[in-house]
Amino acid sequence: YPEHYHEDIESVYIPHGIIMNRVERLAGYIMDDFADNNNIMVLCVLKGGYKFCADLVEFIKVLGRNSNKYLETRVEFIRLKSYLNDQSTEELQIIGSGDLSFLRGRLLMFFSLFFTCTKSVLIVEAIVDTGKTMKALLKHVETFEPKMVKVAGLLVKRVPNMAESLTDYVGFEIPNHFVVGYALDYNEYFRDLNHLCVISKTGKMKYKV
Ligand code: PRP
Ligand code: MG
Ligand code: MN
């Protein structure tokens, strides 16, 4: 990892290569489940989800090309923020969102019968921790009445109650560590690491606000 983070990282938790293998596997499952759709919306949750989303969409493309079952992905972004230091705060902010109206589909007419062709959405999120962010987002997405909603979470915290049930495609189930890298941050630091890492005490102190 970059020299300037040296003391701030305790260990590499999941190396980049392992992440990529897993993302490819998830892309395969997604291709199977969305086989009835020729195009879907991929909704990337910023900022943490940007690398996972980019790699996932790339694998969906490669697998589609190799199998001749091409799944067209229309990528939209939504920016949600609630964390300060390593704590979820009360306030979840929707800082910005792309246009999700594609999900409602268009009104079609055949032989004077009307149909709406609603679209499916795949939400792509870095981590489902307390689940607060995902619960709020699912509520928001449902208002667009999509055909189907699935959630891909690269990481899911292994906690007694719930988060896993919000997530259809889980990259890795992890214990209660605060992890950074591969676009996940601690107060906006560490997103530029390729590996998922655990920060050290020094790191936490240094970048605390
Ligand atoms: C983090 C993470 C998820 C969310 C998960 O986002 O990227 O979106 O928190 O936490 P939860 O399940 O406890 O709600 P954050 O607020 O740090 O914004 P960021 O993605 O821009 O870093
Ligand atoms: Mg996030
Ligand atoms: Mn964050």
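For ligands, and for the atoms within them, numbers begin at 1 and follow the listed sequence. These figures come from a predicted structure and were not determined experimentally. We use all heavy atoms of the structure for the numbers below, so side chains are in, but hydrogens, waters and symmetry mates are not. Count residues from 1 along the sequence.
Remark: side-chain polar atoms of Lys135 are not paired, donor with acceptor, to backbone N or O of Leu137 under 3.5 angstrom.
Among all non-hydrogen protein atoms, the one lying nearest atom 10 (O) of ligand 1 is Tyr83 CE1, 3.2 Å. Remark: minimum distance from atom 18 (O) of ligand 1 to any protein heavy atom is reached at Leu80 O, 3.5 Å. Counting only heavy atoms of the protein, atom 5 (C) of ligand 1 lies nearest to Ile127 O, 3.2 Å. For atom 21 (O) of ligand 1, the closest non-hydrogen atom of the protein is Arg79 NH1, 2.8 Å. Looking only at heavy atoms of the protein, atom 22 (O) of ligand 1 is closest to Asp185 OD1, 2.7 Å.
Counting only non-hydrogen atoms, the option in Glu125, Gln87, Lys135 that gets closest to atom 3 (C) of ligand 1 is Glu125. Summarising the contacts of atom 13 (O) of ligand 1 with Val180, Thr130, Leu166, the nearest heavy atom is found in Thr130. The heavy atom nearest to atom 4 (C) of ligand 1, considering only Asn187, Leu154, Thr133, Val45, is found in Thr133.
The contact set between ligand 1 and Gly48, taken as ligand atoms under 4.0 Å from a residue heavy atom, comprises 19 (P), 20 (O). Taking a cut-off of under 4.0 Å to the non-hydrogen atoms of Ser82, the atoms of ligand 1 that pass are 16 (O). Remark: ligand 1 atoms within the under-4.0 Å shell around heavy atoms of Asp129 are 10 (O), 11 (P), 12 (O), 13 (O).
In this model, a donor atom of one side chain and an acceptor atom of the other lie less than 3.5 Å apart for Tyr169 and Asp33.
Taking hydrophobic clusters as Ile, Leu, Val, Met, Phe, Trp and Tyr residues chained together by side-chain heavy-atom distances below 4.5 Å, Ile30 shares a cluster with Phe172.
If you look at Asp185 and ask which of its N, O or S atoms sits nearest the Mn ion (ligand 3), the answer is OD1.
When all heavy atoms of Phe34 and Ile40 are compared, the pair lying nearest together is CD2-CG2, 3.5 Å. Of all the heavy atoms in Cys117 and Leu108, the pair that sits closest is SG-CD1, 3.9 Å. The nearest pair of heavy atoms linking Gly181 to Leu196 is O-CD2, 3.5 Å.
Here Tyr5 and Phe190 bring their ring centres to under 6.0 angstrom of each other.
Salt bridge present: Lys61 and Glu58 bring a charged side-chain N and a carboxylate O closer than 4.0 Å. No salt bridge links Asp185 with Lys47; every basic N to acidic carboxylate O contact stays at or beyond 4.0 Å.
Checking Glu188 against the Mn ion (ligand 3), every N/O/S atom stays at or beyond the 2.8 Å cut-off.
Note that Arg74 lies in the cation-pi zone of Phe102, set by a 6.0 Å cut-off to the ring centre and a 45° limit from the axis.
Under a 4.0 Å heavy-atom criterion, Arg191 is in contact with ligand 1.
Considering backbone and side-chain atoms alike, Lys47 places an N or O below 3.5 Å from some N or O of ligand 1.
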